[in-house]
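One structure is given below, encoded as structure tokens.
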2 protein chains.
Amino acid sequence: MAAISRVLSGSPTARSIPAATQERIFAAAQQLNYRPNLLARSLRQGRSTSVGVIIPEISEGYATPILAGIEETLSAAGYILVMLTHHHRAEVLARAQQIFAERAVDAIIAVDTALPFVGPIPTVTVSCPDSRPNVTNIVLNHDRAAELALHHLYALGHREIAIIKGQPFSSETEVRWNAIERAAACFGIALRPNQVVQLEEDLPTSEPGYRATRKLLDQARDFSALFAFNDVSAIGAVMALHDAGLRVPNDVSVLGFDDIAFAGVHRPALTTIRQPLHEMGVLAATTVLKQLGGIPDLRSGTQRMIVEPELIVRSSTLKR
Amino acid sequence: MAAISRVLSGSPTARSIPAATQERIFAAAQQLNYRPNLLARSLRQGRSTSVGVIIPEISEGYATPILAGIEETLSAAGYILVMLTHHHRAEVLARAQQIFAERAVDAIIAVDTALPFVGPIPTVTVSCPDSRPNVTNIVLNHDRAAELALHHLYALGHREIAIIKGQPFSSETEVRWNAIERAAACFGIALRPNQVVQLEEDLPTSEPGYRATRKLLDQARDFSALFAFNDVSAIGAVMALHDAGLRVPNDVSVLGFDDIAFAGVHRPALTTIRQPLHEMGVLAATTVLKQLGGIPDLRSGTQRMIVEPELIVRSSTLKR
DNA sequence: TTGAAAGCGTTACCAT
DNA sequence: ATGGTAACGCTTTCAA
């Protein structure tokens, strides 16, 4: 039994077993159609070749490419995902910790989620700006993103730029806003309070963007450009502007964020700041795998991996 | 140990344990912050409170609501998903069987996937028309869908209707096409071979729909309506028609399928045949849960659960 | 180089 | 009503 275990699980101690015996073992396993019981192995080793993934919801546009990137990478390495959604509810987040512990996940990837816990296992976050000890954070270069965005609009002649901030519960809202403020200061753009609105509802649709834009139009109509928190809300903004008799991009230039799949298909095609969502998922997964396979020392210490945004110009964003 | 196991796992045999003892056990568990080890339980019981889910890919529009419905329902019942994607590759599908067996999933849900295997565990398929023994199939009422679609177009005066069939590898392509043929016969609509094209590329984007429509336009321009295999390809079709100088819906009425989230946001807003994707995910999951909890007899026998489509009229599909 | 045996943390079968 | 104990199928240590 010992020899069989060592050979079939590819243990380094198998090197001291003669080739002939190994052959016999492989042959027998093949003939008997032997499959090791992963549950027994997991129980014994205390690990499960699985990775916990937590994300607010399985939503269109944003979550999909990240999850796809994570799934591809992990399943190619023989890991499965223990995927949980929390819908921004604190008690579900707390339960997630239990579930991950029960299932003995070997690592955790948190997407767009402020983890209330950090365990002794490798932990990687995606788009969670608040860094915690022993966690690797994969974050977008928000300063660069804001600079790309405002430079684009500024270069086209826009000076009165409205902003739609993210929902209060969204983990990136604050850092993004701060970056926008810094970039605006750089370009000498004034962000007037009545030209700033915030997404409110917890819906992954364009509805919150529509409502925020309605509110914006009620309190200010003197902006010539609008920078939305994400593409989904930018689409809602375009609808609201259109309903208010304003043309996009002729009257108002709308700039989105994320570059979701539908951004290029939407009419008017959405100019946007691209986040490499799929790549971020892949990066999160490969980072986890590296930590799982590598030297334990690599796990410790807070690390930041910065991902670069890109300006995608689609509908010609005309100068006013 | 025995008493503790019985009480904490809610075994029916725990009824013969006096309330006082049960209290003591609960109190101690609480105080010691005891969490049962799921791996050990799974090893012993041969089940893992997990459900295998296999789907071609984590794609926008189609997969997302189904997966969300499955995830919600299963995780509310304490199950986790073992989610695999196969990208229409046969060898990956075969490996999936291995992985599900290794992980000792308690049931399997296959979405839009022709399973090459049926095990002894409850198995539910979503949108897989070919029925196999001991599998519950959740399928759309395709005849009704085709009837809704063609009646809608017919009533608007359309007689020359082009069709975009699904990819050859898509599990619903054939059954959908057969239903369309029957409905067309009913209404006395002739489906001319040069007005029928098929999606080819294995991409979850609107690209295949665009290409198919280009091909269609090369071989026929005498159609006044176009019925696409799904919304994603309908969007591609609208782009291709537009690029060819045709207006939608003025020159050509385009009818989609699925009613994905962006169908109502797209301009022109997409008229479409709605599949209740989210509900289908929920239904698949509840069916699995019922079979897992219920009498084993319920598992046997092939069952079909028919889901009804709905016509969603958005852009006014004008009579030619 | 190989084998025996001790667990991993449960559950379930028997006794009491 | 309770408790002892043998599995479940593997890995790993220790001896041979």
Side-chain angles (χ1 to χ4, degrees), chain A residues 1-50 78-80 82 97-106 119-121 292-293 296, chain B residues 1-50 78-80 82 97-106 119-121 292-293 296:
Chain A
M1 273 176 72
I4 291 166
S5 170
R6 289 197 279 244
V7 169
L8 293 181
S9 64
S11 154
T13 63
R15 290 195 307 132
S16 58
I17 293 174
T21 309
Q22 301 213 15
E23 276 310 316
R24 271 201 304 148
I25 289 172
F26 281 125
Q30 178 100 36
Q31 194 188 334
L32 298 171
N33 197 29
Y34 170 81
R35 303 284 165 222
N37 181 321
L38 234 51
L39 260 42
R41 174 180 292 175
S42 298
L43 177 61
R44 182 62 231 255
Q45 300 191 341
R47 46 195 208 75
S48 57
T49 45
S50 71
Y79 283 78
I80 60 164
V82 175
Q97 177 174 24
Q98 292 284 346
I99 295 172
F100 286 155
E102 274 177 349
R103 301 282 172 173
V105 297
D106 301 340
I121 56 176
L292 284 173
Chain B
M1 272 175 71
I4 292 167
S5 171
R6 289 196 279 246
V7 169
L8 293 182
S9 64
S11 154
T13 62
R15 289 196 307 133
S16 59
I17 293 174
T21 309
Q22 300 212 16
E23 275 310 314
R24 271 203 303 150
I25 288 172
F26 282 124
Q30 179 98 38
Q31 193 188 336
L32 300 170
N33 196 29
Y34 170 80
R35 303 284 166 223
N37 181 320
L38 235 52
L39 259 44
R41 174 179 291 174
S42 298
L43 176 61
R44 184 61 233 252
Q45 299 191 338
R47 45 194 209 75
S48 57
T49 46
S50 70
Y79 283 78
I80 60 164
V82 175
Q97 176 174 23
Q98 292 284 348
I99 295 171
F100 286 155
E102 274 177 349
R103 301 282 173 172
V105 297
D106 301 340
I121 56 176
L292 284 174

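Residue numbering restarts at 1 for every chain, and letters A, B, ... go by the order of the sequence lines.
- Between the P atom of C:dT10 and the CZ atom of A:R44 lies a distance of 16 Å, rounded to the nearest Å.
- Rounding to whole angstrom units, CG of residue A:L43 and P of D:dA7 are separated by 17 Å.
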Stepwise, does the side-chain hydrogen bond (donor to acceptor under 3.5 Å, both in side chains) test hold for A:T49 with B:R103? CA-CA 10 Å; A:T49 45; B:R103 301 282 173 172; 3.0 Å; yes
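- The CD atom of A:E102 sits 11 Å away from the P atom of C:dT10 (whole-angstrom rounding).
- Between A:Y79 and A:L292, the closest side-chain pair of non-hydrogen atoms falls below 4.5 Å.
- In summary, the side chains of B:R35 and B:N37 do not present any donor paired with an acceptor at a separation below 3.5 Å, with no hydrogens or angles considered.
- As judged by a 4.0 angstrom heavy-atom cut-off over every strand, A:S9 is placed among residues touching the sugar-phosphate backbone only.
- For D:dT2, one of the phosphate oxygens OP1 or OP2 lies less than 4.0 angstrom from a side-chain nitrogen or oxygen of B:T21.
- Per the geometry, CG belonging to A:L38 stands 18 Å off P belonging to D:dC8, to the nearest Å.
- Rounded to an integer number of Å, the gap from A:R47 CZ to D:dT12 C1' is 14 Å.
- Nearest-nucleotide assignment on DNA chain D puts the 5′-proximal partner with B:T13, out of B:T13 and A:P36.
- The side chain of A:A2 lies closest to C:dA4, out of D:dA1, C:dA4, C:dA12.
- Within the nucleic acid shown, A:I17 comes within 4.0 Å of sugar-phosphate atoms alone, with no base atom in reach, counting heavy atoms only.
- Using a 4.0 Å heavy-atom cutoff across all strands shown, A:A3 reaches no nucleic acid atom at all.
- Annotation for B:I121 and B:V105: closest pair CD1-O, 3.6 Å, computed over non-hydrogen atoms.
- Closest contact between the side chain of B:S5 and the listed nucleotides C:dT11, D:dT11, C:dT10 involves C:dT11.
- Taking atom CD1 on B:I25 and atom C1' on D:dG3, their separation rounds to 12 Å, with Å as the unit.
- Taking atom CZ of B:R15 as the reference point, atom P of D:dT2 lies 15 Å away to the nearest angstrom.
- Looking at heavy atoms from C-beta onward, B:R47 lies out of side-chain contact with B:S42 at the 4.5 angstrom threshold.
- When heavy atoms are screened at a 4.0 angstrom cut-off, A:R35 is found touching the sugar-phosphate backbone but no base atom.
- Checking D:dG9, C:dT10, C:dT2 against every side-chain atom of B:Y34, the shortest atom distance belongs to C:dT10.
- When each of B:Q45 and B:R6 is assigned the nucleotide of DNA chain D with its nearest heavy atom, B:R6 is the one assigned upstream, toward the 5' end.
- No hydrogens or angles were tested; on distance alone, nothing pairs the side chain of B:R41 with the base of C:dT10 as donor and acceptor under 3.5 Å.
- Computed from coordinates, the A:I4 CD1 to C:dT1 P distance equals 17 Å when rounded to whole Å.
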